[in-house]
Protein chains: 2
Amino acid sequence: MTRRPDTLHAQDGGAPGRRLSAAKREAIVRGARTVFGREGFPRAGIDAIAVEAGVSTRTIYNHFRDKEQLFATVIEESSAHVGDALTALIDRHLEEVPASGLESALIALGHDWVAVMTECAEHFALVRQITAEAAHLPAALIDLWQESGPRPARAALVHRFRLLAAAGALDAPDPARAATHFHLLAFAEITDRTRLGATPLPPAEISAIITAGVHTFLHGHAPTPTRPPVLGTTR
Amino acid sequence: MTRRPDTLHAQDGGAPGRRLSAAKREAIVRGARTVFGREGFPRAGIDAIAVEAGVSTRTIYNHFRDKEQLFATVIEESSAHVGDALTALIDRHLEEVPASGLESALIALGHDWVAVMTECAEHFALVRQITAEAAHLPAALIDLWQESGPRPARAALVHRFRLLAAAGALDAPDPARAATHFHLLAFAEITDRTRLGATPLPPAEISAIITAGVHTFLHGHAPTPTRPPVLGTTR
DNA sequence: GGTAAAGTACAACGTGCATGGCAACTATAA
DNA sequence: TTATAGTTGCCATGCACGTTGTACTTTACC
């Protein structure tokens, strides 16, 4: 079973038993992500993807069964990557809560989160298209996306908030709800107004939104008045 | 220039100088709203709209220049109607703040708001499609929608919050931001999870979201006199 | 009832686009 | 170098759909 160094993978949906080039496959997926992000799923033409990838349309059909399977592959590979980045971000900022202030930690997390959104603009353009088409996309595809990206990130946030509540730094009997409130106040307005990064927002405005959001969040979930907050290790 | 009682309106884009039936036009717009809401803009076929409206496709083209103009008409007429309903709701619930509690007023507003969303499910299905396709729709269309629906409603909310802040019932130096925070906390999660009403959410869950959201909001924007607990110097 | 305009049925036209077939080209492994 | 198989360009096919033309039917007012 000798294989070329470049053709070690199993194909995703082409004719069975063929050995296709991994490099071509990667080029296709990357090009497809760009075009799908720009134009959306049913709208992006195979030809445009082929051009973007520097590949013939015929080759695309050698690697993938059809356009939909290509789309699924793009979603899975892209969102797993960005999901990891966000999860790492959350853990990094909330691993140890500085006694100096939970507020500054949350604000810093907010800014870094937005930074990821601009760095991975192409991915979030794709996400925008997914949510846009959600109702017309197979449910399995939506699940695939949720599971590989948003869900783990959210779980990490809930986990950290649970620890913060246990440490008395937060009044969050329901950490999941607190996570939702934090996310809404700190990010939802930004994702909304930038359309997930599509339209720019002045940095000062972003900063104001995050600061105000974190402020409202912390006041809304402040530890019970009688008990001064215990800021210590949250682990 | 005798006109039939049924044909008094000016046409939107058909051949100039013809007198078209208002009843047919209404049927077309209503059917188009249903189908556009269900399938989205470019996706909905003229044939499907014609069937839904009980009209021939040719008649549609006698009343409207093309599919896009029909879509614009649907958006304008539908969102103006729902926008008025929401504005009325806001004014009704926040016109006089019961000393008994701003909290209950906001919660009641929240419930009525959600009720409007379910009553006008067809409209919000349309809104879902608009936001989904926003990037590929002419900007003028998006503006048309924003101006006729969401903007007036939001303005009403900001106005009420400004009065509440002036009356000392709320700590909202920036009423616009407070309105955003209230909207996010009380509604955004619901619109998110129900996909603007597309997928159902148990009433108990809705109630919990609104209650928790209003709670967080009020604690975050509580009037200063009693100085709510603050973590460190949150300013 | 007559008449003119609106509405309808039907079909044609053009287009865009996802696929599939095929033969020629090319790069790699032996 | 040679055989093997991925890659490519190009064309064909089929389909979906917006839009229009046209001839016939219905409707509303005189």
Side-chain angles (χ1 to χ4, degrees), chain A residues 1-29 31-32 35-36 39-72 74 133 136, chain B residues 1-29 31-32 35-36 38-72 74 136:
Chain A
M1 186 79 124
T2 30
R3 296 198 156 182
R4 302 180 201 164
D6 204 17
T7 59
L8 295 177
H9 67 98
Q11 69 292 342
D12 291 82
R18 303 170 77 185
R19 285 155 282 162
L20 305 173
S21 148
K24 292 285 177 185
R25 189 198 126 100
E26 201 180 323
I28 293 171
V29 172
V35 180
F36 278 135
E39 313 193 15
F41 168 55
R43 172 178 260 110
I46 285 287
D47 287 353
I49 295 174
V51 169
E52 181 73 33
V55 150
S56 83
T57 71
R58 205 63 189 72
T59 300
I60 293 180
Y61 282 95
N62 286 339
H63 282 260
F64 299 92
R65 183 166 18 85
D66 53 22
K67 205 164 76 165
E68 186 175 318
Q69 196 209 9
L70 172 57
F71 189 52
V74 168
E133 295 290 331
H136 311 106
Chain B
M1 185 82 117
T2 34
R3 296 197 156 181
R4 304 177 199 167
D6 204 17
T7 58
L8 296 177
H9 68 98
Q11 69 290 345
D12 292 83
R18 304 171 76 187
R19 285 154 283 161
L20 305 172
S21 145
K24 291 287 177 186
R25 190 199 127 101
E26 201 182 322
I28 293 171
V29 172
V35 180
F36 278 135
R38 193 191 323 131
E39 313 192 16
F41 168 55
R43 196 184 307 276
I46 284 287
D47 289 353
I49 294 173
V51 169
E52 181 73 34
V55 150
S56 82
T57 70
R58 202 62 185 73
T59 300
I60 294 180
Y61 282 95
N62 285 341
H63 281 260
F64 300 92
R65 183 165 18 85
D66 52 22
K67 203 163 78 166
E68 188 175 317
Q69 197 210 8
L70 172 58
F71 189 52
V74 168
H136 310 107

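Since we're looking at a predicted model, the values are computed, not measured. Below, read A as the first sequence line, B as the second, and so on, with proteins coming before strands; counting in each chain starts at 1.
- As rounded to whole Å, 16 Å separates atom C1' of C:dA18 from atom CZ of A:F71.
- A straight line from CD1 of A:I46 to C1' of D:dC11 spans 18 Å, rounded to a whole angstrom.
- Remark: side-chain polar atoms of B:E52 are not paired, donor with acceptor, to backbone N or O of B:A48 under 3.5 angstrom.
- Across the protein-nucleic acid pair, B:N62 atom CG and D:dT26 atom C1' stand 15 Å apart, rounded to whole Å.
- A 4.5 Å side-chain heavy-atom check between A:F41 and A:H136 finds every atom pair outside the cut-off.
- Annotation: of the two residues near DNA chain C, B:T57 and A:P42, the 5′-most nearest-nucleotide partner is B:T57.
- Here B:A27 lies out of heavy-atom contact (under 4.0 Å) with every strand.
- The side chain of A:S56 approaches D:dG9 more closely than any other nucleotide in the set D:dG9, C:dT8, D:dG6.
- Across the protein-nucleic acid pair, B:R43 atom CZ and D:dG18 atom C1' stand 16 Å apart, rounded to whole Å.
- The phosphate of D:dT27 has neither OP1 nor OP2 within less than 4.0 Å of any side-chain N or O from B:S21.
- The side chain of B:T59 contributes an N or O atom lying less than 4.0 Å from OP1 or OP2 of C:dT8.
- B:Y61 has its OH atom 6 Å from the P atom of D:dG18, to the nearest Å.
- Taking atom CD1 of A:I28 as the reference point, atom C1' of D:dT7 lies 10 Å away to the nearest angstrom.
- Residue contacts for B:A50: at a heavy-atom cut-off of 4.0 Å it reaches no nucleic acid atom on any strand shown.
- Side-chain N or O atoms of A:K67 include one that pairs as donor or acceptor with a backbone N or O of A:A44 at under 3.5 Å.
- The nearest whole Å value for the distance from the CG atom in A:L20 to the C1' atom in D:dT4 is 14 Å.
- At the phosphate of C:dC17, neither OP1 nor OP2 sits under 4.0 Å from any side-chain N or O atom of A:K67.
- Nearest to the side-chain atoms of A:D66 among the listed nucleotides C:dT19, D:dG6, C:dT8 stands C:dT19.
- Listed for the A:D47 side chain is no donor-acceptor partner under 3.5 Å among the backbone atoms of A:A50.
- Just one residue in the list B:T57, B:V74, B:V35 forms a side chain to side chain contact (heavy atoms under 4.5 Å, CB included) with B:I49, and that residue is B:V35.
- The nearest whole Å value for the distance from the CD1 atom in A:I60 to the P atom in D:dG9 is 12 Å.
- The shortest distance between the side-chain N/O atoms of A:H63 and the OP1/OP2 oxygens of D:dT7 is below 4.0 Å.
- Remark: the B:R58 side chain and the D:dG21 base include a donor-acceptor N/O pair separated by less than 3.5 Å.
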